[in-house]
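What follows is a single structure, written as C-alpha cells, with notes after it.
Order of listing sets the numbers, starting from 1, for every ligand and every atom in it. Remember, predicted model here, so these are calculated numbers, not experimental data.
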Amino acid sequence: MPSPKKSKSPARARTRARSKSASRSRSRSSGRKTKATAAKVTEVKEVVRTSSRIPTRRSTSKSPSRVRVKESSEKSVVTQSAGGAAAAASTVTETVVTRRTYVSSGSSEGQQKASVTPVRSSSRIASLIEKEREESSRIREQMKSEVMANIKTPEKSDSEERKPKEKAVHYEFMGPIGAFLLIFLLPLTVYYVNMACRKGNCSVLVIPKLPRNIVAAFLDVEVTLIFLAWIAFQALLAVLPIGRVVEGQPLKSGGRLKYRCNGFIAFVITLLTLGAAVYFKCPVTLVVDKFFKYMTAAVLFSFTLSICLYVSSFLVNKKKLASTGTTGNHIYDFFIGRELNPRIGPLDLKFFFELRPGLIGWVVLDWIMVVKAYQETGVWPPNLILATFFQTLYVADALWFEDAILTTMDIIHDGFGFMLAFGDLAWVPFLYSLQPRFLLESGFTLPWYCLAPIALLNFVGFAIFRMSNSQKNLFRKDPKNPALAGIETLPTQSGKKLLVGGWWGLCRKPNYLGDLIMALSWSLCTGFHHIIPYFYPLYFLVLLVHRERRDNEQCQQKHGAAWDRYCERVKYRIFPYIY
Ligand SMILES: NC(=O)C1=CN([C@@H]2O[C@H](COP(=O)(O)OP(=O)(O)OC[C@H]3O[C@@H](n4cnc5c(N)ncnc54)[C@H](OP(=O)(O)O)[C@@H]3O)[C@@H](O)[C@H]2O)C=CC1
Ligand SMILES: CC(C)CCC[C@@H](C)[C@H]1CC=C2C3=C(CC[C@@]21C)[C@@]1(C)CC[C@H](O)C(C)(C)[C@@H]1CC3
C-alpha cells in the first residue's frame, strides 16, 4: 500500500500516528495480506474521529483511494478479512454521516485535504448532511466493490512472490559425472567396437592396434566435405514441398509445431540414387574403404552441432527449453540438450537428424557393403543380404510411419543435445551396421535352412513391433476407431485413456519386445562365433530397459493412480512372465 504523504497539521499528524498503531494492532490477527486493507479502513475511521473535533470540513478530494487486498495463501482467510474490511468500510461511512463530516481519501497516496468553515444556519447543516449522505454512500459502495474485486482476482502473496521458484533438479544417466563420461565413452565405443571388427582380428578382447599416423588414418578433408554434402542433400530433400505436413503434440509453451513428412520419399530417392551410382560404376565402395574417416567426420560434426545447439539455446525464449536439460550444470545440459525443438527455417533439427542422415545413412552403408562383398567375392552373400534387407525394412517402416515419432519422448520431452546428435549421426549408422560389416569383414556365410528360422524370427519381431505401435498410435489419434473395439481401456485423470488389453495387455512395452526380437534376428545372421556382432542387441537391451524406466516415471506423473492400476493389471514390463 502506498504510504500517505506527511501531514502538516498537528491534528492530522496525531491522527495518522494513532491510525497507524491502531491499524497495526487490529490487523495483526488477519495476517499480512489483509493488513493493508485494515490499515486503510482504520485510517479512514480515525480521520473521521478526529474530524469531529474540528468544527466542519469540506472535502476537496478527487477520487477515493484504492484499497488493495493481496491474496492470502489461504483463500478463506482472505474472504473473512476482506469481508471484515468491507463491513468496516460500511461502519466508517456510518460514522461519517452521524458526525456530519466529509470524509474522503484524496489521491491514491491517501492524501486528504480539508478546509475549516464555521457553521451558521440549520438549513446549511441540512444540505451538508444530505451531501454527506450521498458522498458517504458513494464511498461505501466504492470501497466494497474494490475489496470484493480484490478477492475475485487473488494474486500471489508477497512472501510467495519473493521466494525464488525452487526447481528440484532431477538427473538421469548418473548426473553430470555420468554425462561427462558418456561424452568421451560413446565415441570411444564406436571406434573401439569397429576397430575390433576387422579382417582376421574380430575380438573385443584383443586391443586393436592404432595406426602410426592417427590423424591421416582417421581424418580426411575430402571425406568430411562429402559428409557435409550428404547432410545438405538430406536437408534439401527434407524441405522439398512434397509429402504431408502434420502437427506435433501440443507444446507446453502453447500451440503445435508443423512437420513436413516426406521421409519415405527421401529414402526412396536416396536408394534410387545409390542404385544409379552403382549402375554407372561410381566408386561408392570408397565409403567402406574410408569407413573410419567417415566415422570421424560424423563424430566431429555431431560435436560441432551439439556445441552450436548448446550456445544457441541461450539466445532463445526460455519457453522453448526442455525441462530435462536445464539443470544449470553445463556438462549435463550439453549432454541432454537444452532446447526442445531447435529449428532453422522450416527444418526441425531434432526431427530431421533423428530420421534422415543417420538412419538413411545406415542403410546406404549396408547396401554399399553388399556391393563391396559382391565385388570382392563375385557372389551375393545370402546372410549379408538378409541382414541388410531386415535393416532396410526397419528404416523404411520408421520413415513410412514418420509422424509416429512425434509422440516419442525424444521429441516431446528431451532437448536436442549431444546424446541425440551423436546418437543419430555417429552411433546409429556406424554401430547399427555392425552385423553387415562383420559379415563383409569375416566373409562368414550361413546355409538357407539357418536363414529361414531367422527370417521367421525377424518377421515375428516386426509384427509385434508394428502392430503394437500402430495400435497405440491409432488409439491416441482416434480412440473410437472400430479396429480398437473390444480392447479394454482405463480412464486417467488427464482425460486420456490407457490401453489395458490388446498388445498393451501382454506387457507394458510390447513394442520394445518386438524391437528386441528383431535386433536378435539381425545378429543371428552372423552365427555364434563372435560376440562383436551381438553388440547391438546387448546395448539395445540396456537402452530399452533404461528407457522403459524413464517412461514409466513420466507416465506415473502424467497418469497418476490410473498408471499404478495399469501396472498392477499388466505386471510385466517388456518380457511377459520374465521381466
Ligand atoms: N532402434 C532404436 O535405437 C530405438 C528404437 N526405439 C523404438 O521406438 C519406439 C517408440 O519408443 P518410445 O517412444 O520409447 O516408447 P512408446 O512408443 O512406448 O511411447 C511411450 C508412450 O506411450 C504412451 N503409452 C504407454 N503405455 C500406454 C498404454 N498402455 N496405452 C496407451 N498409451 C500408452 C505413453 O504416452 P501418452 O500416454 O502420453 O500417450 C508413453 O509415454 C519403440 O518401438 C521402440 O522400440 C526406441 C529407442 C531406440
Ligand atoms: C548412445 C546413447 C546413450 C543413446 C542414443 C540413443 C539414440 C541412438 C536413439 C534414441 C531414440 C532413437 C530412436 C530411433 C533410432 C535410435 C535413437 C535415435 C528410431 C528412429 C529408430 C527407428 C524406429 O522405428 C523409431 C521408432 C522411429 C526410432 C525412434 C527412436
### Query
N/O to N/O below 3.5 Å, does that happen between Tyr539 and ligand 1?
no
### Query
Do we see a donor-acceptor contact under 3.5 Å between the side chains of Trp522 and Gln391?
no
### Task
Taking all heavy atoms of Pro382 and all of Leu451, pick out the closest pair and write down the distance.
CB-CD1, 3.8 Å
### Message
Any atom of ligand 1 sitting under 4.0 Å from a heavy atom of Arg508?
### Response
no
### Task
Check each heavy atom of Asp410 against ligand 2 and say whether those closer than 4.0 Å belong to the side chain, the backbone, both or neither.
side chain
### Message
To the nearest 0.5 Å, what is the distance between OG on Ser523 and CE on Met518?
### Response
13.0 Å
### Message
Looking at non-hydrogen atoms alone, which of Gln557, Met518, Lys472, Arg569 comes nearest to atom 33 (C) of ligand 1?
### Response
Lys472
### Query
Minimum heavy-atom separation for Val190 to Ala426, with atom names?
CG1-O, 4.4 Å
#### Entry: Within-cut-off N or O pair, Arg547 and ligand 1, under 3.5 Å
yes
### Task
Between Val428 and ligand 1, find which residue part has any heavy-atom pair under 4.0 Å and reply side chain, backbone, both or neither.
neither
### Message
Under 6.0 Å from the ring centre and within 45 degrees of the ring axis: does the NZ or CZ of Arg338 meet both conditions for the six-membered ring of Phe418?
### Response
no
### Message
Out of all atoms in ligand 2, which are within 4.0 Å of some heavy atom of Asp424? Include the element for each.
### Response
18 (C)
### Message
Please report whether ligand 1 has a polar contact with Leu499, defined as an N or O pair separated by less than 3.5 Å (distance criterion only).
### Response
yes
### Task
Name the option, out of Leu544, Leu543, Thr408, that contains the heavy atom nearest to atom 6 (C) of ligand 2.
Leu543
### Per-atom contact, atom 17 (O) of ligand 1, protein heavy atoms, under 4.0 angstrom
yes
### Query
Can you tell which of Ala421, Gly263, Ala396, Ala398 gets a heavy atom nearest to atom 24 (O) of ligand 2?
Ala398
### Query
Is it true that the NZ or CZ of Arg466 lies under 6.0 Å from the centre of Phe401's six-membered ring and within 45 degrees of the ring axis?
yes
### Query
Against heavy atoms of Val428, which atoms of ligand 2 measure under 4.0 Å?
8 (C), 16 (C)
### Query
Just distances here: any N/O of Tyr394 and N/O of ligand 1 closer than 3.5 Å?
yes
### Check: Phe444 ring centre within less than 6.0 Å of His530 ring centre
no
### Query
Does ligand 1 have an atom under 4.0 Å from some heavy atom of Asp410?
no
#### Entry: Distance-only N or O hit between ligand 1 and Asn511, under 3.5 Å
yes
#### Entry: Numbered atoms of ligand 2 (with element) below 4.0 Å of Phe465, judged on heavy atoms
24 (O)
### Task
May I ask you to list the atoms of ligand 1 that are less than 4.0 angstrom from any heavy atom of Leu543?
48 (C)
### Query
What about Thr408: any of its N or O atoms under 3.5 Å from an N or O on ligand 1?
no
### Query
Does Gln554 come within less than 4.0 Å of ligand 1, judged by its heavy atoms?
no
### Task
Return the minimal non-hydrogen interatomic distance between Gln471 and Leu499, and the atom names on each side.
O-CD1, 4.1 Å
### Query
Between Phe430 and Tyr294, does the ring centre distance come in under 6.0 Å?
no
### Message
Could you check whether atom 9 (C) of ligand 2 has a protein contact, counting only heavy atoms that fall below 4.0 angstrom?
### Response
no
## Note on the structure
Note: Asp515, heavy atoms under 4.0 Å from ligand 1, region reported as side chain
### Query
Looking only at heavy atoms, what is the nearest atom pair of Pro429 and Gly361, with distance?
CB-C, 4.5 Å
### Task
Look at ligand 2 and say whether Phe401 reaches it with a heavy atom at a distance under 4.0 Å.
no
## Note on the structure
Among Gly423, Ala426, Ala404, closest by heavy atom to atom 7 (C) of ligand 2 is Gly423
### Task
Check whether the ring centres of Phe184 and Phe180 lie less than 6.0 Å apart, and answer yes or no.
yes
### Query
Does at least one non-hydrogen atom of Tyr536 fall below 4.0 angstrom from an atom of ligand 1?
yes
### Query
What closest approach, in Å, do Ser433 and Asp366 show between heavy atoms, and which atom pair accounts for it?
CB-OD1, 3.3 Å
### Query
Any idea which atoms of ligand 1 are less than 4.0 Å away from a heavy-atom of Asp551?
20 (C), 21 (C), 40 (C), 41 (O)
#### Entry: Heavy-atom nearest neighbour of atom 13 (C) of ligand 2 within options Arg547, Met419, Glu354, Glu402
Glu354
### Task
Could you tell me if the ring centre of Phe389 sits under 6.0 Å from that of Trp367?
no
### Query
Between His330 and Tyr310, do the side chains contain an N or O donor and an N or O acceptor separated by less than 3.5 Å?
yes
### Short N-O contact, Asp551 and Lys509, less than 4.0 angstrom
yes
### Task
Please indicate whether any nitrogen or oxygen in Thr407 is less than 3.5 Å from any nitrogen or oxygen in ligand 1.
no
